[in-house]
Enquirer: 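Let me give you the structure first, and then I'll get to my questions.
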Amino acid sequence: MNVVTRIAPSPTGDPHIGTAYIGLFNYVFAKRHGGRFILRIEDTDRSRYNALSEERILAMMDWLGLDPDESTAVGGPHSPYRQSERLDLYREHVDRLLKEDKAYRAFETAEELEEMRNEQKRKGLDPGYDGRSRCLSSQESDDRAASGEPFVVRLKTPLDGTTRVVDALRGEITFDNREVRDVVLLKSDGYPTYHLAAVVDDHLMGVTHVIRAEEWITSTPIHTLLYQAFSWETPVFVHMPLLRNPDETRTKLSKRKLDTSVDSYREQGIIPEALLNYLALMGWSMPDGREFFSLQEMIGAFSLDRISLGAPVFDPKKLRFMNAKYLRDLIPLENLTRRVKTLFESAGFAWEDDDYLLDIVDVLRPRVETLNDFVAHAGYFFEDDFSYDDQAKKKLASGQKYLEDLEREFSMLEFFDYDSVDDLVHDYVQEQGVGMGKVLQPLRAALTGRAQAPSVTDLLVILGKRKVMQRIGRALSYINAGLPDDKPQRPEKAKNATKTRHEAA
RNA sequence: GGCCCCUUCGACUAGCGGUUAGGUCACCACCCUUUCAAGGUGGCGGCACGAGUUCGAAUCUCGUAGGGGUCACCA
C-alpha cells in the first residue's frame, strides 16, 4: 500500500505544539512506509483566520525538518492545498449529496437554533439539531434557495442503527446513530465545515491514514457516514492521545495554561532536535527503550503498536533537560557553535577568530540548557568592562595579595598554553600553602566578574595573556578603590544601571 | 448530564500470564571538585478499587471509581 498521511492545521494563530506533535507522527509514519506526507491548510473559518499564521506554520515545519511532500509552498499533484481555494470542489460534492438525498438544506437562522437549544434545555433533552428541515420538500428547498434565502447543508444521518468506526489503536468503536446529529457540511457563507472538507480532501488527495488527535474520535462516525454517502473507502484512523497541561486540571494543552507556541520555544533557545525527540516520547517509545534518538532513527524503528494511549502531560522541565543534553553531548561542537554564533552576533558581541567561539561554546555547553543561555553566560568573553556581582566582590576582597602575585607571575610567563598556565597556578597555590579555592576564586572573579563560571584554567587559556593581564589589573584597581558599589541605590531603570556599570570600570 | 476514550512511581514510560515491577525527568543524599555545572553512586516513590478466569495476574474478562474528550454555520 502506498501510504499517504497529512497534517491539516488551521491558520488561526501561533504555530501550536500540538500541530508539531501530530505532524511528527504523520511524517514519521509516512516515511517509515516510503509514503508521502501532505500539509494542507484548513482555512475554512473566516472569523478565526489569521493571515500570518500559514506562513508561520510552514516555517515551523521547516524548522523542525518535517518537510511535506505536498503543501501550499511546494505544490503537488492535488493542488491547491488551501481549502479556501477548493470551494468549487466542496460545492460540487455537496450538490451530489443533495441530489442523492443524502444531505438537505436547512434554513434556520442562528436565532432559531438558539431558541431550539433553549427549549431542549428546558425540556431536559440533549442539545443538538433536531432535523426539523429534513421534511422540507425538494421543491420548497429549491425555491427558497433560488430566492436567495441563506441556508446551510446538513448531512442526513440515519435515525437508528449504529455506526462502527475502527481506530487502529483502539479497535472497533460503536456509536448509536441517534447520537450522531445532522451536522452542517456547508456553511451559509459557502465554506465547508471541517467534516466535509476533510473527508473530500482526504479522499481526493489519496490519504490512506488519518493520524490525528483523540479529540476527533467522537466525530469519526460523521466522517465514516460521509465516506459511505460518497461510496468511498475509508482511510485508517489513528487517534493519538491528547497532550495535557502540566497543571492539576490535566485538560488538553491550552495556551492559557502553558506556552503552546512552538515559536516561543524556538525563541527560548530550544533546538528542533530536542523538541522533536521530546514530542516523540509523548505516547511512543523505542523498542530498546532509548530515550534519545534522531528523527531518522525514529523513522527506522516506528510502529503504531508502540503508541501508548494514556494522556501524556507536557512537561517543560523534561524538555529543557533533553535540550540541555543535546547541547552538551549530542550536537557536534562545530555544529553547535554555528548556531550559537548567530545568537552572539545579534547580541552585539564581537570577536576576531571563530576558534575563540569554539572554545567558549566548548566550556559553556555543560552549563547551559538553552541556546539563549550561551548568550546570557558568555558576556565576559566579549566585554572587558563588565561589572562584578556581589559574590564576586566578596572573593575579590579576600584575594588582593594573590592577584598581585599572579599578575607578576603571569607577566613573566612566556607561553600561555594550558599546561604552562596550569602548572604555574598549581605551583603558586602549593607554595602559598592554601586551598585552591582561596586563590582561584578571586581570580575567577577578576576574570569574569562572577563567582560562578567555568574552570579557571580554561578561562585563562581562552582569554589569553593580554586579556588576563588587563583584567587582573582592572580588578586590582577596583579593589584599591574600595570595591565601590556600582549599582545605583536609586530605583531607576536599566539605562542608568548600564551607565553606572561603565563608570565602575 | 448523554455518548466516547483512557488508567503502572509526582511526570514520561517499559511490561504484552510466572520479573526482587525496569528505565528517564524531578526531588534527596553521597562521591568527584578551584566555583557553578556536568559526571558517578545510591535513595525516595507506582500496578485506582472490587470481583472473576487461571496452578499463577500489572498483564485476560466484567463491574465500580477517577480523569479526559465531545456534544457549534471552530477546527
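Here is the naming used below: chain letters follow the sequence lines, and residue numbers restart at 1 for every chain.
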Enquirer: If you assign A/Phe151 and A/Asp126 each to the RNA chain B nucleotide with the nearest heavy atom, which residue ends up on the more 5' nucleotide?
Expert: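 Whichever sits nearer the 5' end wins; that is A/Asp126.
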Enquirer: Which one, B/A26, B/A38, B/G69, comes nearest to the side chain of A/Pro366?
Expert: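 Nucleotide nearest to A/Pro366's side chain: B/A38.
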Enquirer: Indicate, with a heavy-atom threshold strictly under 4.0 Å, whether A/Met322 touches base, sugar-phosphate, or nothing.
Expert: nothing
Enquirer: Scan A/Gly124 against the nucleic acid and name what it touches under 4.0 Å (heavy atoms): base, sugar-phosphate only, or nothing.
Expert: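 Result for A/Gly124 = nothing.
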Enquirer: Would you mind classifying the nucleic acid contact of A/Ser308 as base, sugar-phosphate or nothing, using non-hydrogen atoms under 4.0 angstrom?
Expert: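 If one applies the 4.0 Å heavy-atom cut-off, A/Ser308 turns out to touch the sugar-phosphate alone, with no base involved.
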Enquirer: Start at the 5' end of RNA chain B and walk down; is the nucleotide closest to A/Leu309 or to A/Ala453 reached first?
Expert: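 Of the two residues, A/Leu309 wins.
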Enquirer: Would you say A/Asp201 and A/Tyr90 are linked by a side-chain donor-acceptor pair, where the criterion is simply a distance under 3.5 Å?
Expert: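 Present: a donor and an acceptor within the cut-off.
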Enquirer: Classify A/Gly310 by what it touches in the nucleic acid, base, sugar-phosphate, or nothing, heavy-atom distance under 4.0 Å.
Expert: sugar-phosphate
Enquirer: Would you indicate what A/Arg444 reaches in the nucleic acid, counting non-hydrogen atoms under 4.0 angstrom: base, sugar-phosphate, or nothing?
Expert: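 Touches a base.
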Enquirer: Given B/A75, B/A26, B/U34, which nucleotide is nearest the side-chain atoms of A/Arg48?
Expert: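 The nucleotide sitting nearest to the side chain is B/A75.
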Enquirer: For B/C4 versus B/U64, give the span between their P atoms, rounded off to a whole number of Å.
Expert: 13 Å
Enquirer: For A/Lys438, answer base if it contacts any base atom (sugar-phosphate contacts may also be present), sugar-phosphate if it contacts only those atoms, and nothing otherwise; contact means non-hydrogen atoms under 4.0 Å.
Expert: nothing
Enquirer: Do other residues, nucleotides or ligands put more than 12 heavy atoms under 6.0 Å from the CD atom of A/Glu115?
Expert: yes
Enquirer: Base, sugar-phosphate, or nothing for A/Arg365, non-hydrogen atoms under 4.0 angstrom?
Expert: nothing
Enquirer: Determine the contact category for A/Thr44: base if any of its heavy atoms lies under 4.0 Å from a base atom, sugar-phosphate if only primed atoms, P, OP1 or OP2 are that close, otherwise nothing.
Expert: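 Sugar-phosphate, no base atom in range.
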Enquirer: Taking only the side-chain heavy atoms of A/Lys187 (C-beta and beyond), determine which of B/A14, B/U70, B/C74 contains the nearest atom.
Expert: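 Nucleotide nearest to A/Lys187's side chain: B/C74.
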Enquirer: Taking the six-membered ring of A/Phe151, is the NZ or CZ of A/Arg144 close enough (under 6.0 Å from the centre) and on axis enough (within 45°)?
Expert: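 Judged by the rule (NZ or CZ under 6.0 Å from the ring centre, within 45° of its axis), A/Arg144 is not positioned above A/Phe151.
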Enquirer: Determine whether the aromatic ring centres of residues A/Trp284 and A/Tyr21 are separated by less than 6.0 angstrom.
Expert: no
Enquirer: Starting the side chain at C-beta, find the nucleotide from B/A75, B/A72, B/C25 nearest to A/Ser10.
Expert: B/A75
Enquirer: Give a yes/no verdict on a cation-pi contact between A/Arg474 and A/Phe386, requiring under 6.0 Å between NZ or CZ and the six-membered ring centre and an angle within 45° of the axis.
Expert: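 Because its charged atom sits under 6.0 Å from the ring centre and within 45° of the axis, A/Arg474 does stack over A/Phe386.
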Enquirer: Atom NZ of A/Lys317 to atom P of B/C27: distance rounded to whole Å?
Expert: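 To the nearest whole Å, that distance equals 6 Å.
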Enquirer: Just checking A/Tyr129: base, sugar-phosphate only, or nothing, at a heavy-atom cut-off of under 4.0 Å?
Expert: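 No contact.
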Enquirer: Kindly point out which of B/C5, B/G69, B/A75 is positioned nearest to the side chain of A/Thr251?
Expert: B/G69
Enquirer: Contact class for A/Val456 (heavy atom, under 4.0 Å): base, sugar-phosphate, or nothing?
Expert: base
